[in-house]
Number of protein chains: 2
Amino acid sequence: MLISKSCVYGLRASLFLASKKNGEYISIRDMSEKLGISFHFLTKILQQLTAYGLMESYKGPNGGVRLSKPAGDIKFIEIVVAIDGDDLLNECVLNLPGCGSDTPCPLHESWSKTRESIKAMLENTSLEYLAKEGKNKNLRLSEVGNFDWE
Amino acid sequence: MLISKSCVYGLRASLFLASKKNGEYISIRDMSEKLGISFHFLTKILQQLTAYGLMESYKGPNGGVRLSKPAGDIKFIEIVVAIDGDDLLNECVLNLPGCGSDTPCPLHESWSKTRESIKAMLENTSLEYLAKEGKNKNLRLSEVGNFDWE
DNA sequence: TGTATTTAAGACAAAAGAGTCTTAAATATT
DNA sequence: AATATTTAAGACTCTTTTGTCTTAAATACA
């Protein structure tokens with residue numbers, strides 16, 4: 001898979017938050033139920049995003065998490081890098097250490113192009129865009145049908 | 001990672017074979033040493049490619065494996081599908097079951113385009129092309145420097 | 001026939017990813 | 001102050017992937 005499961009969960013939660021009024025803290029419990037993701041697991045993942053500065057959290061009653069900046073300013077790629085690291089954007093597809101323009105592997109060229117297209121997609125897609133798109137077209141964000149964009 | 005480690009090893013070995021005269025059986029031991037891949041692990045992987053019909057094997061002294069058809073007729077994508085399956089080409093990037101044009105996820109459109117470019121790369125690249133390219137430009141196929149295209 | 005060489009098959013172990021659970025710390029409310 | 005709610009942190013388990021090892025089967029050759 002291109003992106004780890006943790007990363008996908010983090011992205012789904014981010015889209016959930018992006019669809020809400022900014023500034024409002026949303027509880028992880030709430031999200032986990034609506035998105036169909038294990039609460040504890042989601043907590044751990046969102047802790048990473050918080051540590052990375054993409055989210056802010058608040059403890060106690062009515063606490064929760066929220067995006068640390070407007071959804072339009074957060075790109076898909078930031079979530080991916082925060083959780084999966086930047087291997088996807090740098091690593092040689094043949095997994096050879098030190099593959100680069102100086103000592104390329106046979107797939108260096110073809111893969112570079114493909115990687116650029118992946119990178120472009122990740123860099124050009126903001127949470128705001130995805131959330132708006134999702135809301136307008138009522139697209140799916142959970143496996144089970146228990147999520148509403150409102 | 002886009003492609004599993006097993007798949008990468010399978011591909012490296014396939015390129016090794018593609019660089020040899022066709023029809024000649026090459027021992028897995030030999031390949032594993034020149035490519036820097038564990039012998040037993042490589043054996044297991046190549047067994048999959050053999051079972052899939054992409055390679056032929058021969059037991060006994062001077063035995064080994066060889067490509068079952070000309071390297072020009074084997075596309076990168078065949079190796080990937082044989083080892084990793086076709087999830088990469090079908091699966092929704094948000095990992096939602098049943099995501100499709102009828103019930104799409106927010107990333108359905110953007111990801112479809114990216115996936116097509118990956119698919120195109122995999123479908124248009126033959127082992128022969130990669131091996132020739134590698135041989136002509138003396139590109140790297142192993143981590144350590146113990147591989148020669150000859 | 002016997003032996004060495006090679007792939008086949010499958011058990012086993014180690015590492016990484018995914019997921020669960022418990023306890024601690026912070027905060028709001030009563 | 002006491003209690004309920006919520007994230008933080010970390011131990012723990014389960015699953016998948018990766019990697020190792022042993023034994024069996026096929027083949028060539030002396």
Side-chain angles (χ1 to χ4, degrees), chain A residues 1-13 16-17 24-68 80 82-85 87-88 91 95 143, chain B residues 1-13 16-17 24-33 35-68 80 82-85 87-88 91 94-95 143:
Chain A
M1 208 172 18
L2 185 74
I3 290 174
S4 77
K5 227 163 172 183
S6 298
C7 187
V8 166
Y9 291 165
L11 180 67
R12 286 202 223 163
F16 187 108
L17 292 177
E24 191 185 354
Y25 283 106
I26 308 285
S27 90
I28 302 179
R29 173 75 60 185
D30 189 35
M31 279 196 281
S32 75
E33 280 165 5
K34 298 221 173 94
L35 293 173
I37 303 171
S38 140
F39 165 67
H40 289 291
F41 194 32
L42 185 58
T43 297
K44 215 158 57 165
I45 293 162
L46 298 190
Q47 274 171 27
Q48 289 184 69
L49 294 178
T50 301
Y52 218 85
L54 290 171
M55 288 185 183
E56 292 167 355
S57 67
Y58 197 83
K59 290 178 185 172
N62 304 313
V65 296
R66 67 180 180 192
L67 300 177
S68 61
V80 173
I83 296 177
D84 281 354
D87 276 7
L88 180 65
E91 213 172 52
N95 214 20
E143 309 194 2
Chain B
M1 209 173 18
L2 187 74
I3 290 173
S4 77
K5 225 163 172 184
S6 297
C7 187
V8 167
Y9 290 165
L11 180 67
R12 285 202 224 164
F16 187 109
L17 292 176
E24 190 186 354
Y25 285 106
I26 308 285
S27 90
I28 302 179
R29 172 76 59 185
D30 189 34
M31 279 196 283
S32 75
E33 281 166 4
L35 293 173
I37 303 172
S38 139
F39 165 68
H40 289 290
F41 194 32
L42 185 58
T43 297
K44 215 158 57 167
I45 293 161
L46 297 190
Q47 274 171 26
Q48 289 183 67
L49 294 178
T50 302
Y52 217 86
L54 289 171
M55 288 185 183
E56 293 167 354
S57 67
Y58 198 83
K59 290 177 185 172
N62 305 313
V65 295
R66 67 180 180 192
L67 300 177
S68 62
V80 172
I83 296 178
D84 281 353
D87 275 7
L88 180 64
E91 213 172 52
L94 285 191
N95 215 19
E143 311 194 0

ask   = Does anyone know the first and last nucleotide of DNA chain C in reach of chain A, 5' to 3', at under 4.0 angstrom to a heavy atom?
value = dA18(C) to dA28(C)

inquiry  = Would you say that Y25(A) contacts N62(A) through its side chain, given a criterion of any heavy-atom pair below 4.5 Å between the two side chains?
reply    = no

message = Given 3.5 Å as the limit, does a donor-acceptor pair link the side chain of S68(B) with the main chain of G53(B), or not?
response = yes

task = Mark yes or no for whether D84(A), through its side chain, and S4(A), through its backbone, hold a donor-acceptor pair below 3.5 Å.
result = yes

ask   = What's the CZ-C1' distance between R12(B) and dT18(D), to the nearest Å?
value = 14 Å

task = Give a yes or no on whether the backbone of G64(A) and the side-chain of S27(A) come within a donor-acceptor separation of less than 3.5 Å.
result = no

ask   = Whole Å only: how far is the CG atom of D30(A) from the P atom of dT5(D)?
value = 15 Å

Most 5' of S6(A) and H40(A) on DNA chain C, judged by nearest nucleotide = S6(A)

request  = Select from G60(A) and K59(B) the residue whose nearest nucleotide in DNA chain C is closer to the 5' end of that strand.
outcome  = K59(B)

inquiry  = If I take atom OH in residue Y25(B) and atom C1' in nucleotide dA28(D), what distance separates them, rounded to the nearest angstrom?
reply    = 14 Å

request  = Look at all strands and tell whether F39(B) reaches a base, only sugar-phosphate, or nothing, counting heavy atoms closer than 4.0 Å.
outcome  = base

ask   = Going through the distances and angles, do E56(A) and V65(A) end up as a side-chain contact (heavy atoms from CB on, under 4.5 Å)?
value = CA-CA 6 Å; E56(A) 292 167 355; V65(A) 296; over 6 Å; no

key: Rounded interatomic separation in angstrom, taking NZ from K5(A) and P from dT17(D)   = 11 Å

ask   = Rounded to the nearest Å, what distance is computed from the CD atom of residue E56(B) to the C1' atom of nucleotide dA26(D)?
value = 16 Å

ask   = Looking for any heavy atom pair under 4.0 Å, which part of the strands does L46(A) touch: base, sugar-phosphate only, or nothing?
value = nothing

inquiry  = Quick check: closest heavy atoms across I83(A) and G10(A), and the distance to 0.1 Å?
reply    = CD1-CA, 4.1 Å

request  = Please step through side-chain contact (heavy atoms from CB on, under 4.5 Å) for the pair F41(B) and S32(B), ending with a clear verdict.
outcome  = CA-CA 9 Å; F41(B) 194 32; S32(B) 75; over 6 Å; no

ask   = To the nearest angstrom, how far is Y58(A) atom OH from dA4(D) atom C1'?
value = 15 Å

message = I need the CZ-P distance between R29(B) and dC21(D), as an integer number of Å.
response = 11 Å

